[in-house]
Every structure is written in structure tokens, then in C-alpha cells.
Amino acid sequence: MKETLLVMEGIDKSFPGVHALDHCKFELRAGEVHALVGENGAGKSTLMKILTGVYARDEGKVIYKGKEINLAGTKEAQELGICIVHQELNLMPHLTAAQNMFIGREFMGKNKLFVNDNEANKKAQELFDAMNLRLDPKVKVGKLTVAMQQMVEIAKALSFDSSILVMDEPTTALTESEIDELFKMINHLKEKGVGIVYISHRMDEIKRITDRITVMRDGTYVDTVNTKEVDIQQVINMMVGRTIYETANEHNYTDPNEVVLEVKNLIRGKTIKDVSFKLHKGEILGFSGLMGAGRTEVMRAIFGADKLDSGEIYVKGQKVQILRPEHAVKYGIGYLSEDRKRYGLTLGETVEQNISLASVDKYTNKLGFTNMSTITKTSEEYIETLSIKTPGPKQRVKNLSGGNQQKVVIAKWLLRDCDILIFDEPTKGIDVGAKSEIYKLLSQLAKEGKSIIMISSELPEVLRMSNRIIVMCEGRITGELDIGAASQEEIIKYATKREA
Amino acid sequence: MANVAKSAGTAGIGTKKSMFNAANAQKFLAFGALLILLLFFSMASPFFLTFDNIVSIMLSTCVNGILALGIIFVIITGGIDLSIGTVMTFSSVMAGVMITNMGMPIWIGILVAIGTGAFCGFISGTVVSRLKLQPFIATLGVMMITKGLSLVLSGTKPIYFSDTPSFRKITTGSILTFGADGKFSVPNGIFIFLGMAILAGIILNKTKLGRYNFAIGSNEEATRLSGVNVVKWKTAIYSLCGAFAGVAGIVMAARLDSAQPALGQGYELDAIASVVIGGTSMVGGEGTILGTVIGAFIISTLTNGLKVMGVAQEWQIVITGCVLVLAVLLDTMRKRGSK
């Protein structure tokens, strides 16, 4: 048995409205690759952020190399040898590989006045050699492939003399052969005694590269198992749990005879590959898949936010051309982004200004004057019907909670008379109480004859709300499930069905 | 999990009070500063608080004020228009060409000047919104182009309106005189400025353009995704700003009784200073017409007061700079405090 590098015990962490981690534990040995798996929102990232000093824990102990540590920040963690290679790379594209690696701790010349790039290049080269990596430290990072950039990140981590390396979804942007290279590197680091935490959704890779697996679910620790002793299905079962949710069958208002939206052969670069589907009146169509499966991209393209390379869109049987969002809105399509703050709301403005943003035309006369008092009155009605918790229509949206902000966006599209509503992660960042309100609202809308597309990465949510589920993986539709036949296991199977 | 429901219930409320205080503070701050300045100069110099001097302050506010009223629309979108100073000059040169060189009626000259300003704004707006060039660079280009064109069109010499004596009445004439023998008269330029301020206030607060103006400044992408044609409206906003510069060009030319092709550069910075002193953020999404008007008055009061006190012109500039930085600093501190 190899020596234990790290023990995390009883780790507890709450954010306003969310209990992110409930007394979790995690253990890592030297020279081990340890997978950390769980659905989106299971708490993996939070746990690793506590380990690497991004967040402070509320409760619990972190014992590193036999000593309890209390990190004040990421810099301290790095100095102790705990590093993370992020999912989205944190490199500066205009600096060289060596400059990136030693950012914040540049080598200074004797006079302490000038940065000594030669020394940095030499040190970087030494590290690359030790990693068997053929790379020029003087090359600008922006010119490297994603895989190579990742190697630079790893080298940067190693330059701290790291004993623990956390890799967060390292293979999402890599090709098959690049993954092989990465795995070679991981094995190389393993031999050197580095402990590696490997966060991934890809079961085949976990099976291939890791020694042990720790499963998390809803902020709690489930179990730690030896990779050799389990099969993929068992791990998936542990991730999903046995939680039973009310199913959508109870609220199916689908009118199968009326297709309100149909798309055929949508293609956009590498993100959307030949996507076709139909949406019926009164239907809640769930879109499931892993992050980066291309679901958001498809919806943005349908909405006209991004340009399509090719494909056809039919609204209520009519072929339509949607080049810009205003065209989509004209055809009654509303899009509610997963990132409300960036794409959904004008945060500094008031509730009524946000609710009316898509419908200003309605309240504007021929001279261009907008009737603000009517807008206030209408907004009050929507605040009432959607029970938005706000002191009034003149409150600034940034002062509302996530759930109420979401309702403001919904109100915006309802006021615009949109019949087709595309919800992208409708309950993201919303606390439990508000979630069920949003669910109720979605059913209500379907009942009123609106057609809803719901992208969700939370499997229980998809299963609870949808009448039909489409699963995507890497830009294409890999499965379509009727709600009666759908299960979490089935969805995960399709969601990880990569192109051979 | 018990805290979940509780936090959901209270999250929306509780910030209302501080918000209203902050809004009041903004108006109070700029207005208070103007009052303090007026009070200070009145005590410091016996010549300051005279009818003639106050009229002179107001008259010197006109051009800068009208420019500021235009550029605030662009600043609220989060953009900037560096070209307004030279667009103003270009517009006045165009008026000169029409009226003096071509002998057209005055009203045509005025329309052409405003149209020229709007067209220059349209060019800037198109380059910024449709071609996605940074506003700073795009309008820097237009600034140089219009500066050059002014010199070319006028043959680098001022165009005088000597054939049309009524032209200068636009700014310097007076529809309001009182006292014995018309002893006190208020020049029309001031009324034009106030009229433009009311117009700007109506556009910003009562029309669709104003509504989208704030929305774009607050979150351009969210506005686009709400089905608003952001490209079109941004172009319209820059055009509007240009039209205001055109009006400023007429007021300026009438005041000088000539179109001065070498003038103009630097006026955009005074206009930006007025807007910013008036409590408008350069980040966009907020701003008031009243604040801008007060901001413009603060700058001209300061300049005038220092002059009346006998402070050398070089030092006037230094002090104005200090006031600008101080005003913005106070404003950001206030905003940070209210968060």
C-alpha cells in the first residue's frame, strides 16, 4: 500500500440557499489516479475548490502529508504542492509558454529590475524534458493546440513541485490521439509519486486510467471503490441513486397532431452535427446530455443568436428564415438562457424594464413615444400571476433572488406572446423551494398550450418534467426516449455514446 | 436545508431603501457642488454675481452643453464618441458653405448642418455597431476625417456670415429682454440649450430609443437576445449624437458669426467631462439629462469664476482637471458604499 497523501474528512460547505457539501470525505494516495465522479452539481468542483484553497470550508479537516492544513488561498495551495488544471484553461495566449508557467513569480536579474526570460525558458525546458514533452518554451501559448496548452498547464503545476494534481475534465477538448498522449503523461506522473484527482464524466476513460473511484451525489459522499472491482453500470447506479421523483406522465398536455416547431438537418461547424427534431403543441421536450454536448448551441442557432451553416426550420408548418433573434421572436420563439445574468437580463434595470424589453413595440405609438405607465400596470399583473417576489415593478432586477430573476425572464417572453419557449437550464442557480415553483410554472404553461423545450443537465429534473427526452452527445442526437421508457441509466448511456 | 426556504423569502427585499438614497445622492451631489461653487465665487469676487456675468456663464455653457446632451446617449450605451467636437466644426463649415458661399437661405443652412452631424454620427454608428469596431477607434477616425474635411471645404480659412446679419441672432439675439430700455437681455443660445435639454430628456425617458438605449448599455447581448435589433438602434443613437453636434455647430457659428474650421478638437473632452461630472458612468447603462446639464454648468462656472477671480488661464485648466477627478472619485465612492 502506498502512503496516504491527503485525507479530507467531514467537509461541509454552504452557499446562500444551497448546502453544497454535506460532510464529505476524500482520500488520496501518492502515485494514485483517483476519479471523482457524480452528476453536475454533485459537489465535485466545490470539494476540489476547498482542497485548492479557492473556498474556505465551513467544517471538517484537511490533512495533507500528515499535517492539518488551513489554506487561505490558491497561492498557498500551490506553494504546498496542490495544483489544479482547470477545465477552461487559465493561460494568457499572448505570453510564451515559459512566461505563462512562471507568471507571478518571474525570475529577476541580479539588479531586481528586469525580468530574466532566459532563466524562465531554461527552467521550463528542464521541466518539459523531464515530462518527455517536445515543446519550445518560447512559443506563444495562443499558437498551441488545446492539448499542448493543457500540457503547459500541467508543466506549470509541476513547476510548483506538486504532489497533488487535480484535473477537471481534462479530455473534453481533446482528440482521441491527444487523449492517449495525456494518459501517457498521467502514467508518467504516477510513477513519480504524484497523486492525481481525475474529474470526468467519461466512464470509459475512468475505467482505463484510474485506480480508485469516489462517487458523490447531491453534495454527499456515496462510496469509494477500486476501479478494477466495479463495472461502469455499478458506478452509474451509485451516481444516480435511488431517489424517486414524480414523473411527467401526470401532466402530459401534448397534442401529437400539431407540430409547432420542426428543424431539419441543422449543421453548424463542429458544434451542431445534423440535428433534426419536432416539437408538439403543449409538449415539454427535454434535452439531456453532458456539458458541451451541443444542446445550447442548437437552441441558440434556432433562436438566431448564432448563424447556422445549413438546415431548415419550420414554425407551425411554415418554413421560416431566422437570421437574428428578432426574427425568432417574431415567430413566437422565446429563449431563456442558462446564464440569465449575461444573456437574459439587463441586471441594473428594473423589473418592469426587463419584463417589457421584448415588447416595447406594443407600448409605443407611431411617434416613438413609449407609454411607461401602461408598462408598469402590465408588469404588476405579471408580478402577481407569476408571484415574483419583489417590492414592486420599479425594483432593480439585480436585487432579486435567482428564482425570481428567472420568473422575470419568463414574464418577458409571456408578455411577448411567445408560444415556443426554450428553457436552457431553467433551475440553474435556483434554490430548492423556487425550483418546484418553476416546475409548476412549466406545467402550467404546457397546459395553456405553450410548447416547451427544456435543456437540463439534472437527470431527475429531465425525468420529472419532460414528456419526451432527446439526448445529445458531441453535437448530434444520440437518442430519443419516450418518458415511459426513460430512466437515468438509459439517458447516461446515450449521453456518453461517443462517435467511434 | 432549513435555511433554504428562509433565504428564498427574504432575498428580494431589503435593498430598496439604500437604492433610493443612492439615487437622491447622485442628484444632490452634482447640484450641491454647483451651489457651493456659485456661493464660493460670489463671496470671492464682487464681479461674479452680476447679471452680465451669469448670462456669460450660461452662454458659454451652450455649446459644450449641447454636445454633452448628445454624447450622453452614446455614453449610456457604454460607448464613446470622440468625433463630436470636429463634427460640430464640420457642420458649421457646411452651414457656412451653404449660406455664405452658395447664398442659400439660413434655414437650409441649419438643416444641412444638423443633417451633416447626423450623417457623421450615422457613419460612426454603422462602423461601431455593424462592423463591430471599437467606438474609441471608429470615432477617432471620424474625428480626423471631419477635421480634415472642414479644412478642405473652407480652404483653411474661416467663413464669415457677413452677408446674413440675422444668422448671428440665432445665438446672440434675444427674445427675452426686460428692465428699462432692454437693459437685461437673455441671449437665445441659452434657450436653445434648455430646449435641447428638454428634447433630450423626452427622448431618453419617453421613447423607445431611450428605452433601448439604457437596455443596450446595461446588457447589450441580453437586449439582442430579447429580439431587439441592436445594430439598428445603436446606429440611431450615434446619429442622434451627431445631430446634437450639428445643432452645437449652428450655435457656435452664430455666436462667433463665422465658421472656424480649425476649432473643435478638444470640445469632445469637455462634453465627456460634463457628462461624467453629472454622475453618468462611462460603463454605460445609466445617466441623467439633469445631471449632464448641471455638469456642463459646473465646468463653465468653474472656468468663469476662476477667470473673474483673476486666476491665470493655465491654472484654470489645472483646477478644472482636479475637479473632474474629484467629482468622479466621489461618485464611485458613493456607488461602492451603496452596494
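All chains are named by letter (A, B, ...) in the order of the sequence lines, taking the proteins before the strands, and each is independently numbered beginning at 1. Remember, predicted model here, so these are calculated numbers, not experimental data.
In this pair, B:F73 and B:F244 present their aromatic rings tilted. The plane angle is within the 30 to 60° band.
Ranked by non-hydrogen atom pairs under 4.5 Å with chain A, the options B:T207, B:L209, B:I216 are led by B:T207. Note: A:T346 leads A:N365, A:T346, A:V409, A:V329 in heavy-atom pairs under 4.5 Å with chain B. Ranked by heavy-atom pairs shorter than 4.5 Å toward chain B, the options A:Q353, A:M372, A:R324 are led by A:Q353.
Residue contact with chain B, scored on non-hydrogen atoms closer than 4.5 Å, involves the backbone of A:R342 exclusively. In this structure, no portion of A:A328 lies under 4.5 Å from any heavy atom of chain B. In this structure, no portion of A:R416 lies under 4.5 Å from any heavy atom of chain B. Residue A:K341 touches chain B through its backbone alone, counting heavy-atom pairs closer than 4.5 Å. A:L347 touches chain B through its backbone: at least one of N, CA, C or O sits under 4.5 Å from a heavy atom, while the side chain does not.
In summary, A:R300 and B:E221 engage in a salt bridge, as defined by a charged side-chain N under 4.0 Å from a carboxylate O.
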Exercise for the section: For the pair A:Y343 and A:E338, evaluate side chain to side chain donor-acceptor pair (under 3.5 Å) and give the outcome as yes or no after the intermediate values. Expected result: CA-CA 8 Å; A:Y343 300 126; A:E338 60 182 319; over 6 Å; no

Practice task
Any chance you could lay out the side chain to side chain donor-acceptor pair (under 3.5 Å) test for B:S83 and B:D81, step after step, and finish with the verdict?
Solution key: CA-CA 5 Å; B:S83 70; B:D81 189 343; 2.6 Å; yes

Exercise for the section: Walk me through it: do A:Y439 and A:T427 pass the test side chain to side chain contact (heavy atoms under 4.5 Å, CB included)? Expected result: CA-CA 9 Å; A:Y439 292 152; A:T427 60; 3.7 Å; yes

Exercise for the section: With side chain to side chain donor-acceptor pair (under 3.5 Å) as the test, would you mind laying out the steps for A:T364 and A:T370 before giving the verdict? Expected result: CA-CA 4 Å; A:T364 304; A:T370 304; 3.2 Å; yes

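Other residues, nucleotides and ligands place no more than 12 heavy atoms under 6.0 Å from the CZ atom of B:F119.
Side-chain contact between A:F423 and A:L445 is present, with heavy atoms from C-beta onward closer than 4.5 Å. Using a 4.5 Å heavy-atom threshold, the side chains of A:Q318 and A:Y331 count as separate. Looking at A:S356 and A:T378, their side chains never come closer than 4.5 Å, going by heavy atoms from C-beta outward.
A side chain to side chain contact (heavy atoms under 4.5 Å, CB included) with A:I333 is found for one member of A:V260, A:L421, A:I422 and no other, namely A:I422.
Side chain of A:R268 to main chain of A:L308: no donor-acceptor pair is present (N/O by atom type, distance under 3.5 Å, no hydrogens or angles). Side-chain N or O atoms of B:T139 include one that pairs as donor or acceptor with a backbone N or O of B:L82 at under 3.5 Å.
Contacts with chain A (heavy atom to heavy atom, under 4.5 Å) involve these residues of residues 226-235 of chain B, listed by number: B:S226, B:G227, B:V228, B:N229. Taking non-hydrogen atoms and a 4.5 Å limit, the residue list of residues 379-388 of chain A in contact with chain B is empty.
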